[in-house]
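Numbered from 1 within each chain, the chains take letters A, B, ... in sequence-line order. Everything numeric here is computed off the predicted structure, so don't read it as measured data.
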Protein chains: 2
Amino acid sequence: MNIGDAAKATSLSPKTIRYYESINLVVGDRLTNGYRNYADAHIHKLRFVQRARGLGFSIDDCRALLSLYEDQNRASAEVKNIAKKHLQEIEAKISELQGLRETLSHLVAHCAGDHRPDCPIMDGLSGVLHDTSEDESRLH
Amino acid sequence: MNIGDAAKATSLSPKTIRYYESINLVVGDRLTNGYRNYADAHIHKLRFVQRARGLGFSIDDCRALLSLYEDQNRASAEVKNIAKKHLQEIEAKISELQGLRETLSHLVAHCAGDHRPDCPIMDGLSGVLHDTSEDESRLH
DNA sequence: CTTGACCTTCCAGTAACTGGAAGCCACATA
DNA sequence: TATGTGGCTTCCAGTTACTGGAAGGTCAAG
């Protein structure tokens, strides 16, 4: 299987597959003409990585997960630890973004959005804290 | 005001302030000895950028916001548009992460996490869809 | 006059690709 | 057989927003 077909089979781009090879994540075979060649086992690994990346796992996590994937004697606890850590990171990110959304949606809601220069959003960014002490806590 | 004091006054690092200068975002003065020098107006701009970055605005957004900040005749609608667009991006990101959290927390919850190799997380990443059709939709 | 803290510039690295150029390879058609 | 088209190769650069570090200049204090 050439790289183009492997790309179609894995929903990855040829570029990405070459990149994964360059970082030694998934390395396929080579034909005598220099073309990369992918067997089923490679395709499975690439798809595995594609799904893991789709779940937001870092390349380093993918590397660890791949080696567990190949390990017949793995303990599921190891997999679970990686996943739990990633889950916590996701939850932290969600919290952070929810905080930003809070602040931003308040600012946006209070801005007239017309032709005049007066703007609570600008005031907020300038450090002119207008209303409540909540706003201050949001911006510091 | 030297860059170190400016850094303290703005909660930015000297490196970051130099970086902002290198991309022409906020450029201070220079003393004859080559040292950067920051007046109040510069400090205000830097703090403005610091707050905007803290709210997740991109550097490009900061550039646009700064020029509106300096524009006496700005329309608040322009500010609001930038903020609204950013707010939408944040909300999209939150949704995406919530989806990942859903999938991942299900997988983690069903993994025994012991010494045995059997692992629903691995199954999910391998494309072995175990339970409901919900899981399938989550992984595709 | 030296020490230490500051400042300067410049280069490289981060994460995970993506775009593009230059050139080889394979196959079908005229 | 020439040629066109598409796919393959490598390599370099760019993306975002900094951060680390090296090599060296400057300044105030003792």
Side-chain angles (χ1 to χ4, degrees), chain A residues 1-38 42 45-66 82 85-86 89-90 93 96-97 100, chain B residues 1-38 42 45-66 82 85-86 89-90 93 96-97 100:
Chain A
M1 214 184 207
N2 277 353
I3 196 169
D5 294 325
K8 276 162 201 153
T10 59
S11 310
L12 294 168
S13 71
K15 281 270 188 196
T16 298
I17 295 176
R18 283 190 204 102
Y19 171 69
Y20 287 167
E21 178 182 307
S22 79
I23 59 170
N24 272 299
L25 184 62
V26 178
V27 180
D29 299 329
R30 292 283 178 141
L31 300 176
T32 48
N33 64 6
Y35 282 25
R36 289 171 180 80
N37 191 45
Y38 296 92
H42 300 128
K45 285 210 220 176
L46 287 171
R47 256 210 291 258
F48 180 92
V49 172
Q50 190 268 337
R51 290 202 189 85
R53 293 286 303 128
L55 283 176
F57 285 101
S58 69
I59 292 286
D60 268 4
D61 282 343
C62 289
R63 208 181 288 278
L65 289 169
L66 256 188
I82 295 174
K85 182 166 151 289
H86 179 44
E89 288 163 2
I90 286 175
K93 192 77 193 169
E96 183 194 336
L97 290 177
L100 298 187
Chain B
M1 211 183 208
N2 277 352
I3 196 169
D5 294 325
K8 276 161 201 152
T10 59
S11 311
L12 294 168
S13 71
K15 281 270 188 196
T16 299
I17 296 176
R18 283 190 205 103
Y19 171 69
Y20 287 167
E21 177 182 307
S22 79
I23 59 170
N24 272 298
L25 184 61
V26 178
V27 180
D29 299 330
R30 291 284 178 139
L31 300 177
T32 49
N33 64 7
Y35 282 24
R36 288 172 181 80
N37 191 45
Y38 297 92
H42 300 128
K45 286 210 221 175
L46 286 170
R47 257 210 291 259
F48 180 92
V49 172
Q50 191 268 335
R51 291 203 189 85
R53 293 286 303 127
L55 282 176
F57 285 101
S58 70
I59 292 286
D60 267 5
D61 282 344
C62 289
R63 207 182 289 279
L65 289 169
L66 257 188
I82 295 174
K85 183 166 150 288
H86 179 44
E89 288 163 3
I90 287 175
K93 192 75 194 173
E96 183 194 335
L97 290 177
L100 298 186

How many Å lie between [atom1] on [X] and [atom2] on [N], as a whole number?
X: A:Ile17; N: C:dT18; atom1: CD1; atom2: C1'; value: 14 Å
X: B:Lys15; N: D:dT16; atom1: NZ; atom2: P; value: 20 Å
X: B:Asp5; N: C:dC7; atom1: CG; atom2: C1'; value: 12 Å
X: B:Met1; N: D:dC27; atom1: CE; atom2: C1'; value: 18 Å
X: B:Leu31; N: C:dT8; atom1: CG; atom2: P; value: 9 Å
X: A:Asp29; N: D:dT9; atom1: CG; atom2: P; value: 13 Å
X: B:Ile59; N: D:dT15; atom1: CD1; atom2: P; value: 14 Å
X: B:Asn37; N: C:dT8; atom1: CG; atom2: C1'; value: 15 Å

On the nucleotide [N], are OP1 or OP2 found under 4.0 Å from the side-chain N or O atoms that [X] carries?
X: A:Ser13; N: C:dT18; answer: yes
X: B:Thr16; N: D:dT19; answer: yes
X: B:Arg36; N: C:dC7; answer: no
X: B:Arg30; N: C:dC7; answer: no
X: A:Asn33; N: C:dA26; answer: yes

Checklist line | Minimum-distance nucleotide (side-chain atoms of A:Tyr35 versus C:dT18, D:dA17, C:dC25) | finding: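 Of the candidates, C:dC25 comes closest.
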
Check: Considering only C:dT8, D:dC18, C:dC17, which nucleotide approaches the side chain of B:Arg53 most closely?
Finding: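 Nearest nucleotide to the side chain: D:dC18.
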
Using a cut-off of 4.0 Å on non-hydrogen atoms, how would the nucleic acid contact of [X] be classed: base, sugar-phosphate, or nothing?
X: B:Tyr20; answer: sugar-phosphate
X: B:Arg18; answer: base
X: B:Ile23; answer: nothing

Over all atoms of both residues, closest heavy-atom pair of [X] and [Y]:
X: A:Ala9; Y: A:Arg47; result: O-NH1, 2.8 Å
X: B:Cys62; Y: B:Leu25; result: C-CD1, 4.4 Å
X: A:Tyr38; Y: A:Glu21; result: OH-OE1, 4.0 Å

Checklist line | Atom pair CG (A:Leu65) and CD1 (A:Ile59), whose distance is rounded to the nearest 0.5 Å | finding: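 The CD1 atom of A:Ile59 is 11.0 Å from CG of A:Leu65, to the nearest 0.5 Å.
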
Next item on the list: Run through B:Leu12, B:Ile17, B:Leu66 and flag the one making a side-chain contact (heavy atoms from CB on, under 4.5 Å) with B:Val26.
Entry: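 The side-chain contact (heavy atoms from CB on, under 4.5 Å) with B:Val26 is passed solely by B:Leu66 among B:Leu12, B:Ile17, B:Leu66.
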
